[in-house]
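In the text below, chain A, chain B and the rest are named by the order of the sequence lines, each starting its count at 1. As the structure is a prediction and not an experimental result, all values here were calculated from the model.
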Protein chains: 2
Amino acid sequence: MPALQDIDAKRQRAPSQRALATRKRVFDAAERVFADRGFDGATIRDIAAEAGEPVGTIHHHGGGKEVLFHRTVARRAEPLSQARRAALETLKRDGTVTAETLLAAFFRPIFDLSRDDPRWRDYARLVSFVSADERWRSISAACFDPTAELFLTELLALRPTAHRAEVAEAFVFSVSAMLALLTSQGRIAALGGEMRAADAQIDHLIRFCAAGLAPA
Amino acid sequence: MPALQDIDAKRQRAPSQRALATRKRVFDAAERVFADRGFDGATIRDIAAEAGEPVGTIHHHGGGKEVLFHRTVARRAEPLSQARRAALETLKRDGTVTAETLLAAFFRPIFDLSRDDPRWRDYARLVSFVSADERWRSISAACFDPTAELFLTELLALRPTAHRAEVAEAFVFSVSAMLALLTSQGRIAALGGEMRAADAQIDHLIRFCAAGLAPA
DNA sequence: CCTTATTTCGAACAGGTGTTCAAGTTAAGA
DNA sequence: TCTTAACTTGAACACCTGTTCGAAATAAGG
């Protein structure tokens with residue numbers, strides 16, 4: 001995989017407002033198309049059409065399909081991780097760290113962001129593609145593992161007798177359940193009949209995983 | 001999506017042993033390649049090379065890429081569902097139905113089959129591609145939802161006060177955790193350091209989900 | 001204001017893509 | 001044994017893929 005380096009690595013002039021706006025259009029379009037069709041199902045021309053830009057522009061700002069994919073995932077990873085870390089800091093400051101509050105701190109930010117901005121919903125679907133495929137392991141390692149590590153450490157402190165590997169398993173189960181809630185509304189609807197309110201679903205997700213994380 | 005009809009719909013002669021062996025080679029190869037690269041990442045020529053057959057043969061037995069994909073998923077769905085249903089029947093006969101034993105009956109068959117035959121590991125990864133993408137909703141609806149329905153009914157009987165939608169959510173969380181255990185060993189290893197034995201992981205998965213399913 | 005780095009643009013390229021097809025081979029069923 | 005349905009084979013087809021590239025337009029920095 002091509003290395004991901006700073007998009008403005010050897011630049012000699014600041015980018016114009018116009019260029020910045022174009023770049024934003026390119027990444028927003030890439031996010032939508034990659035979220036809809038995955039890496040292999042998406043084409044540069046799909047993304048170009050979605051962005052309303054010519055194909056050359058996608059390559060210019062994206063740096064090639066694989067780098068564009070990586071950058072599209074990375075773009076929202078930092079804001080998301082910061083929101084998660086901020087929620088964690090609040091817990092630690094207030095001394096209210098439990099399995100339930102830890103999971104809430106980790107899960108809630110992406111649901112909160114999705115409520116306000118539909119682009120975060122696309123991003124969530126994109127992340128689920130990244131998480132599902134070992135091929136993108138290095139992307140999740142770079143974008144999400146450092147913050148996951150922080151939460152894992154806290155969970156481990158709550159269960160001093162458990163092995164790290166066991167807590168890591170429980171954490172992966174929890175994250176997969178979170179992604180399922182974000183992306184498998186169709187399956188839930190098919191099995192469950194009527195749909196529940198998003199808030200009820202999120203509360204349920206947190207209770208479900210917290211119960212699983214509790215000592216046996 | 002092209003309709004999936006019986007592979008031997010309007011046949012006038014029984015297929016030869018040779019043809020049957022070729023067909024098996026085609027589907028085994030398709031299973032491996034689709035599991036590795038997903039639907040869009042796989043190519044007919046990849047599958048042909050993996051099977052050691054010319055491209056025309058893949059199309060002859062597979063019926064086109066999309067139908068081949070559907071048939072490849074469907075091929076092992078019935079044996080898997082039967083194993084799950086048999087385990088469920090045993091529980092009901094013995095009167096040992098609990099959240100924990102129900103989940104064990106649903107989860108264990110694919111892990112047991114994977115232990116004996118690596119092709120079931122490929123199949124599990126293929127199923128996780130199908131489950132992750134709304135595009136294949138109709139495939140999981142046809143192949144997996146009927147049996148899921150059976151287990152959902154039993155889970156609902158265990159929690160008479162819960163709404164069906166809530167139990168459906170918990171079931172989807174559980175299935176996603178099962179698929180994560182089958183496909184995300186890389187992520188578990190990255191977070192957890194050393195790896196635990198498969199049996200310990202499966203027991204943990206069942207305890208994790210059973211705890212989440214228990215009444216609040 | 002100039003200079004020129006950067007961006008915009010889309011035609012062109014080499015190499016795939018799924019699918020078709022016609023000719024030759026095999027073997028089921030009478 | 002004979003007929004012919006079924007299978008095997010790979011070349012050919014039309015279209016699509018990511019990427020390149022050079023010329024024109026834009027605007028940052030002096």
Quiz question: going by heavy-atom distance under 3.5 Å, is there a donor-acceptor pair between the base of C/dT6 and the side chain of A/Arg11? no
Does any N or O in the side chain of B/Ser176 come within less than 3.5 Å of the main-chain N or O of B/Phe173, such that one atom is a donor and the other an acceptor? yes
The contact string for nucleotides 12-23 of chain C, one letter per nucleotide 5' to 3', using protein heavy atoms under 4.0 Å with B, S and - for base, sugar-phosphate only and none, comes out as B----BBBB---
C/dA27 P sits how many Å from B/Arg23 CZ, rounded? 15 Å
What is the distance, to the nearest angstrom, from the CZ atom on B/Arg18 to the P atom on C/dA28? 11 Å
Distance under 4.0 Å to a non-hydrogen atom of chain A counts as contact; along DNA chain D, which nucleotides mark the start and end? D/dT17 to D/dG29
Output all residues satisfying salt bridge (charged side-chain N to carboxylate O under 4.0 Å, His left out) with A/Glu78, sequence neighbours left out; order by chain, then residue number. A/Arg85
Does a donor on one side chain and an acceptor on the other come within less than 3.5 Å for A/Arg125 and A/Ser128? no
Any carboxylate oxygen within less than 4.0 angstrom of a Lys/Arg side-chain nitrogen, looking at B/Glu169 and A/Arg196? yes
By side chain to side chain donor-acceptor pair (under 3.5 Å), which residues pair with B/Asp145, not counting sequence neighbours? A/Arg187, B/Arg137
Identify every side-chain donor-acceptor pair in residues 54-65 of chain A under 3.5 Å, counting partners at least two apart or on other chains, and give the distances.
| from | atom 1 | to | atom 2 | distance (Å) |
| --- | --- | --- | --- | --- |
| A/His61 | ND1 | A/Arg23 | NE | 3.4 |
| A/Lys65 | NZ | A/Phe39 | O | 2.9 |
| A/Lys65 | NZ | A/Ala42 | O | 2.9 |

By side chain to side chain donor-acceptor pair (under 3.5 Å) - contacts of B/Glu149 (at least two apart): B/Arg164
Salt-bridge test for B/Arg37 and A/Asp40: reply yes if a basic N is under 4.0 Å from a carboxylate O, no otherwise. no
Please state how far atom CG in B/Asp8 lies from atom P in C/dA28, giving the value in whole angstrom units. 14 Å
